[in-house]
Amino acid sequence: MDEILEVSEVIALLRPMFQVMLTTPELATLTLEIVPIDDVTGSALDGDDLVEQNGAVVRWRIMRERGWSGGLWVEDGLDALVRNVQSDLQDFIAESRFGWGQLRGPHDLP
């Protein structure tokens with residue numbers, strides 16, 4: 001698959017999954033960014049930047065806690081991209097102060 005996505009498209013693709021995974025108070029604190037895989041604490045990519053295969057990660061901040069996804073494998077398809085980030089977010093929630101030990105999320109993403 002030769003998917004090429006802009007950062008804004010990736011965020012739009014992921015936002016519904018975050019809305020399912022997080023509570024309303026958690027969503028109110030959500031910051032969601034795409035950053036280069038080799039500089040996860042650096043500046044976010046611009047909305048019109050292209051997401052290259054395993055060249056970027058999703059960085060989030062929820063309830064003052066920060067987390068990251070693994071590399072974004074765009075060529076694996078859009079469903080796989082969302083499911084991989086969802087899995088990383090689930091691990092983050094279960095290990096966070098606000099969601100310690102909780103299993104959340106969609107069991108079957110559209």
Side-chain angles (χ1 to χ4, degrees):
M1 173 176 267
D2 292 330
E3 290 284 346
I4 297 175
L5 297 173
E6 292 184 352
V7 166
S8 61
E9 294 172 312
V10 173
I11 294 209
L13 181 67
L14 294 174
R15 193 164 295 282
M17 180 270 297
F18 276 84
Q19 291 170 334
V20 170
M21 296 284 292
L22 300 174
T23 66
T24 300
E26 292 161 1
L27 274 172
T29 69
L30 174 65
T31 302
L32 188 59
E33 301 172 314
I34 307 295
V35 297
I37 198 167
D38 59 355
D39 189 13
V40 297
T41 60
S43 297
L45 297 173
D46 292 327
D48 60 352
D49 286 338
L50 297 180
V51 176
E52 297 181 25
Q53 180 74 353
N54 198 31
V57 300
V58 181
R59 177 174 67 195
W60 55 75
R61 187 172 179 91
I62 305 164
M63 306 290 287
R64 297 187 183 170
E65 295 185 54
R66 192 164 47 169
W68 297 267
S69 71
L72 296 177
W73 291 87
V74 178
E75 291 180 5
D76 286 348
L78 302 181
D79 288 343
L81 186 146
V82 173
R83 288 179 189 277
N84 289 336
V85 174
Q86 185 267 333
S87 177
D88 294 333
L89 178 62
Q90 170 55 58
D91 291 345
F92 170 80
I93 291 169
E95 296 170 4
S96 70
R97 287 188 301 268
F98 65 85
W100 180 254
Q102 295 178 17
L103 178 60
R104 300 187 191 177
H107 298 288
D108 188 23
L109 295 170

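A continuous path of Ile, Leu, Val, Met, Phe, Trp and Tyr side chains, each step under 4.5 Å between heavy atoms, connects Leu81 with Leu32, placing both in one hydrophobic cluster. Using a 4.5 Å cut-off between side-chain heavy atoms of Ile, Leu, Val, Met, Phe, Trp and Tyr, with links allowed through other members, Phe92 and Val82 fall into the same hydrophobic cluster.
Counting only heavy atoms from C-beta outward, the side chains of Ile37 and Leu72 never approach each other to under 4.5 Å. Side-chain contact between Leu30 and Trp60 is present, with heavy atoms from C-beta onward closer than 4.5 Å.
Across every non-hydrogen atom of Phe98 and Met63, the tightest pair is CD2-CB, 3.7 Å.
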Using distance only, find each side-chain donor-acceptor pair of residues 12-28 under 3.5 Å and give its atom names and separation, not counting sequence neighbours.
unit_1	atom_1	unit_2	atom_2	d
Thr23	OG1	Glu26	N	3.3
Thr23	OG1	Glu26	OE1	3.3
Glu26	OE1	Thr23	N	2.9
Glu26	OE1	Arg104	NH1	2.5
Glu26	OE2	Arg104	NH1	3.4
Glu26	OE2	Arg104	NH2	3.0

Indicate every side-chain donor-acceptor pair of residues 42-58 with a distance under 3.5 Å to a residue at least two apart or in another chain.
unit_1	atom_1	unit_2	atom_2	d
Asp49	OD2	Asp46	N	2.8
Gln53	OE1	Val74	N	3.0
Gln53	OE1	Glu75	N	2.8

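Taken from OG1 in Thr41 to CZ in Arg59, the straight-line distance is 7.0 Å, to the nearest 0.5 Å. Atom CZ of Arg61 is separated from atom CH2 of Trp68 by 9.5 Å, given to the nearest 0.5 angstrom. The CD1 atom of Ile34 lies 10.0 Å from the OG atom of Ser8; values are rounded to the nearest 0.5 Å.
Contacts of Arg64 classified as salt bridge (Lys or Arg N to Asp or Glu O under 4.0 Å), with partners at least two apart in sequence or in another chain: none.
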